[in-house]
Number of protein chains: 2
Amino acid sequence: MEPDVFDPNCGSREVLGLIADKWSALILYALQDRTLRHAELRRTVGGISQKMLTQTLRTLEADGIVHRVALPVVPPHVEYSLTPLGASLSPVLAEVCRWAEVHLPGVHAARERRTER
Amino acid sequence: MEPDVFDPNCGSREVLGLIADKWSALILYALQDRTLRHAELRRTVGGISQKMLTQTLRTLEADGIVHRVALPVVPPHVEYSLTPLGASLSPVLAEVCRWAEVHLPGVHAARERRTER
DNA sequence: CCGTATCCAAGAAGATACTG
DNA sequence: CAGTATCTTCTTGGATACGG
């Protein structure tokens, strides 16, 4: 039985949903090859609210993508890093982010071609 | 001025949003290196409604990712294919889809480790 | 065959305030 | 510092019916 993202009943569809949200890709991109604390992540990923950061991190953690370490000190010190599974996904999403950065002019050009009609 | 997906005011953020929806990645994946008609696309991408298919195609078209050709015949015959811009994005998203298919077991395993506690 | 229009439900996401 | 809780707003997406 082969996984098939085109099959709506296949679990890989949910996995796709994992990254088809507003923040996951950015967080994974930020965490590739480094460990960041909660506040650092929040500063890196511009515009994310604390709620969405925590929420997204929890989901990624539950799916084995992100590893969370809470040091029992006061004030709290929590570190986030990628699991091996996350490390395998990160470069793929980083590619998507890079594509967005590189082809931004192309998309803008296309949008303007539309509006000038 | 360099594009930066971490900057909430940078246009590349919108571009990311382009693909951070439920269907774009699947449609792009389905269209890589082939032309499909509306109904064929709908059959290929399992579970998509006609509304979401049309809506997503329109957005992709406006952003210069998908090319639409409507042949003036009765009954209508409409073909969708990728533009060069779309062709540059397609392999990146295909990677994401393939990752989802390949690492599905890993994600499931992580989820089960959680629930057994 | 392909597309549009409308209505409706569910969930995403932001703002704010509060706790160990 | 990190996280939770609650409330409200907005968007997404599905169902359905109709039109060229």
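None of these values were measured; they are calculated from a predicted model. Here is how names work: the chains are called A, B, and so on, in the same order as the sequence lines, proteins then strands, and each is numbered from 1.
Taking the side chain of A/Q50 as heavy atoms from C-beta on, and the options C/dC1, C/dG14, D/dA2, the nearest nucleotide is D/dA2. Of the candidate nucleotides C/dA13, C/dG3, D/dC1, D/dC1 has the atom nearest to the side chain of A/P75. Listed nucleotides C/dA15, D/dG14, C/dG3 differ in distance to B/Y80; the shortest reach to its side chain belongs to C/dG3. Each of D/dT4, C/dT4, C/dC2 was ranked by its minimum atom distance to the side chain of B/T54; first place goes to C/dT4. Looking at the side chain of B/K51, the nearest of the listed nucleotides D/dA15, C/dA13, C/dC2 is D/dA15. Considering only the side chain of B/R58, C/dT4 comes nearest among D/dA2, C/dT4, D/dG13.
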* Asked: Should A/Q55 and A/D21 be marked as a side chain to side chain contact (heavy atoms under 4.5 Å, CB included) after you check the CA-CA gap, both sets of side-chain angles, and the distance that decides it?
  -> CA-CA 12 Å; A/Q55 188 174 303; A/D21 69 280; over 6 Å; no

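Not one side-chain nitrogen or oxygen of A/R43 sits closer than 4.0 Å to the OP1 or OP2 atom of D/dC1. An OP1 or OP2 oxygen of C/dG14 is reached within less than 4.0 angstrom by a side-chain nitrogen or oxygen of A/K22. Checking the phosphate oxygens (OP1, OP2) of D/dA2, no side-chain nitrogen or oxygen of A/H77 falls inside 4.0 Å. Considering only side-chain N and O atoms, B/R37 lies under 4.0 angstrom from the phosphate OP1 or OP2 of C/dC2.
Under a 4.5 Å side-chain heavy-atom cut-off, the cluster of Ile, Leu, Val, Met, Phe, Trp and Tyr residues that includes A/V69 is completed by A/L71, A/V73.
Residue whose closest nucleotide on DNA chain C sits further toward the 5' end, between A/M52 and B/A39: B/A39. Checking A/D21 against A/P76, the closest nucleotide of DNA chain C that is more toward the 5' end is the one next to A/D21.
A/R42 comes within contact range of no nucleotide atom at all, as no heavy-atom separation falls under 4.0 Å.
Computed from coordinates, the B/R68 CZ to C/dC1 P distance equals 16 Å when rounded to whole Å. Between the CG atom of B/L41 and the P atom of C/dG3 there is a distance of 10 Å, given to the nearest Å. One atom, CG of A/L26, and another, P of C/dA13, lie 11 Å apart when rounded to the nearest Å. In this structure, B/R13 places its CZ atom 13 Å from C1' of C/dA13, rounding to the nearest Å. Atoms CD (B/Q55) and P (C/dG3) sit 13 Å apart, rounded to a whole Å. With rounding to whole Å, A/L57 atom CG is found 14 Å from D/dC1 atom C1'. Whole-Å rounding puts the A/L53 CG to D/dC1 P distance at 14 Å.
Summarising the geometry of A/L26 relative to B/F6, their closest heavy-atom pair is O-CE2, 3.4 Å, with the distance given to 0.1 Å.
Partner of B/S24 under the side-chain contact (heavy atoms from CB on, under 4.5 Å) criterion, chosen from B/V66, B/D63, B/T59, B/T56: B/T56.
Judged by distance alone, with hydrogens and angles left aside, the side-chain atoms of A/T83 form a donor-acceptor pair with the main-chain N or O of A/G64 at under 3.5 Å.
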